[in-house]
2 protein chains.
Amino acid sequence: MGVKKNEKSGERCALQEILGIIGGKWSMSIIYALFSGKKRFSELERMVPNINTRMLVKELKNMEANGIVKREVFATVPPTVEYTLTTKGEKLEPIINELYKWGLEYVN
Amino acid sequence: MGVKKNEKSGERCALQEILGIIGGKWSMSIIYALFSGKKRFSELERMVPNINTRMLVKELKNMEANGIVKREVFATVPPTVEYTLTTKGEKLEPIINELYKWGLEYVN
DNA sequence: GCACAATACTTTACTTTTGAAAGTGGTTAC
DNA sequence: GTAACCACTTTCAAAAGTAAAGTATTGTGC
């Protein structure tokens with residue numbers, strides 16, 4: 001009987017699933033950096049302050065797996081890898097901008 | 001020269017500051033639970049699936065310190081503690097709802 | 001012809017944060 | 001008198017994050 005813990009878990013867990021994808025410490029900052037167009041790995045490293053290489057790799061992989069960013073490799077020398085937002089990722093722009101505005105008004 | 005790493009760091013760090021407050025794994029789920037009005041500690045524990053006591057305490061303290069939730073203690077038996085959103089916290093409602101809608105459309 | 005730089009990562013060692021579980025203290029219900 | 005309720009607190013192991021160095025490939029300067 002009743003293995004489910006919570007009738008509302010469907011709704012609530014959806015939010016948690018979302019936060020599992022973009023709720024981490026770095027995801028939104030990376031997405032924010034990508035609003036201004038495609039970026040190379042090293043550009044993102046410079047644009048997102050205090051992030052370290054390992055975390056940037058991890059977050060990009062995670063977001064790629066979740067269809068938020070697209071990764072394109074070009075066999076140049078030195079190698080070029082370009083990251084862009086997918087449509088799904090672009091749809092986050094107004095939300096992140098609103099969050100940013102909220103912060104300007106209420107943080108500090 | 002040039003000790004500053006990034007001219008844009010002012011802007012970018014603001015976003016990171018915001019995410020430091022509400023960008024964790026649990027904050028938004030707790031805020032979401034509080035949209036429907038004041039809640040007691042144990043109610044929140046039941047409403048936010050999979051959170052553990054320790055994390056709920058930590059997040060509530062953090063959000064209280066950041067002026068997002070208000071904590072009120074009533075000397076009843078057993079003790080009653082009520083948590084509510086401040087105005088600042090309430091202003092997050094449209095943003096979190098938009099995020100939720102984004103998830104419904106794009107997650108899965 | 002060899003050190004050095006650039007790119008896009010990977011690896012290793014270590015610190016911090018998180019999670020699960022049990023405990024606390026006061027009171028009431030059974 | 002034992003169990004339950006509430007709002008936490010404590011403890012300890014596991015997971016996640018950070019810093020720093022390493023890898024592979026090629027191009028440039030000396």
Side-chain angles (χ1 to χ4, degrees), chain A residues 3 5-6 9 12-13 15-17 19-31 33-34 37-66 69-84, chain B residues 2-3 5-6 9 12-13 15-17 19-30 33-34 37-66 69-84:
Chain A
V3 178
K5 283 174 186 169
N6 197 323
S9 63
R12 205 59 51 49
C13 280
L15 187 56
Q16 291 193 356
E17 222 178 305
L19 295 170
I21 298 171
I22 52 156
K25 187 175 173 185
W26 300 109
S27 310
M28 286 202 207
S29 292
I30 298 168
I31 294 167
L34 289 170
K38 69 183 179 208
K39 296 284 175 299
R40 302 182 62 173
F41 185 87
S42 51
E43 285 182 287
L44 287 173
E45 231 175 341
R46 285 186 288 264
M47 286 180 83
V48 182
N50 306 318
I51 198 168
N52 62 52
T53 315
R54 194 175 161 283
M55 276 298 108
L56 184 54
V57 172
K58 271 189 87 171
E59 296 282 359
L60 285 170
K61 271 185 188 158
N62 182 45
M63 291 198 286
E64 195 194 355
N66 284 296
V69 304
K70 192 160 78 97
R71 180 176 183 271
E72 280 185 292
V73 185
F74 301 94
T76 55
V77 162
T80 302
V81 182
E82 279 178 5
Y83 293 93
T84 38
Chain B
V3 178
K5 283 172 185 170
N6 198 322
S9 64
R12 204 60 47 51
C13 280
L15 187 56
Q16 291 193 356
E17 220 178 308
L19 296 170
I21 298 170
I22 53 157
K25 188 176 172 185
W26 301 109
S27 309
M28 287 200 205
S29 293
I30 298 167
L34 289 171
K38 68 181 178 209
K39 296 283 175 297
R40 301 183 61 173
F41 185 87
S42 51
E43 285 182 286
L44 287 172
E45 232 174 340
R46 285 186 289 263
M47 287 179 82
V48 181
N50 306 319
I51 199 167
N52 62 53
T53 315
R54 192 177 158 286
M55 277 298 108
L56 184 54
V57 171
K58 268 192 89 170
E59 296 282 359
L60 284 170
K61 269 184 189 160
N62 182 44
M63 291 196 288
E64 195 195 352
N66 284 295
V69 305
K70 192 161 77 96
R71 180 176 183 270
E72 280 184 291
V73 186
F74 300 94
T76 55
V77 163
T80 303
V81 181
E82 279 178 4
Y83 293 92
T84 38

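Residue numbers begin at 1 in each chain, while the letters A, B, ... track the order of the sequences.
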Could you check how far CG of A/Leu56 sits from C1' of C/dT10, rounded to whole Å? 14 Å
List in chain and number order the residues that pass side chain to side chain donor-acceptor pair (under 3.5 Å) with A/Lys39, two or more places apart in sequence or in another chain; answer none if no residue qualifies. A/Ser36
Nucleotides 7-19 of chain D: protein proximity per nucleotide (B base, S sugar-phosphate only, - neither; heavy atom, under 4.0 Å): SBBBB-----BBB
Which pairs of donor and acceptor atoms, one on a side chain in residues 53-60 of chain A, lie under 3.5 Å apart (sequence neighbours left out)?
unit_1, atom_1, unit_2, atom_2, d
A/Thr53, OG1, A/Glu45, OE2, 2.7
A/Glu59, OE1, A/Ser27, OG, 2.9

Can you list the residues that meet the salt bridge (charged side-chain N to carboxylate O under 4.0 Å, His left out) rule with A/Lys70, with sequence neighbours excluded? A/Glu72
Is there a side-chain contact between A/Val48 and B/Gln16, using heavy atoms and a 4.5 Å cut-off? yes
Atom-to-atom span, CD1 of A/Ile30 to P of C/dA8 - whole angstrom: 15 Å
Test of understanding: with side chain to side chain contact (heavy atoms under 4.5 Å, CB included), list the residues that count as partners of A/Val77, not counting sequence neighbours. none
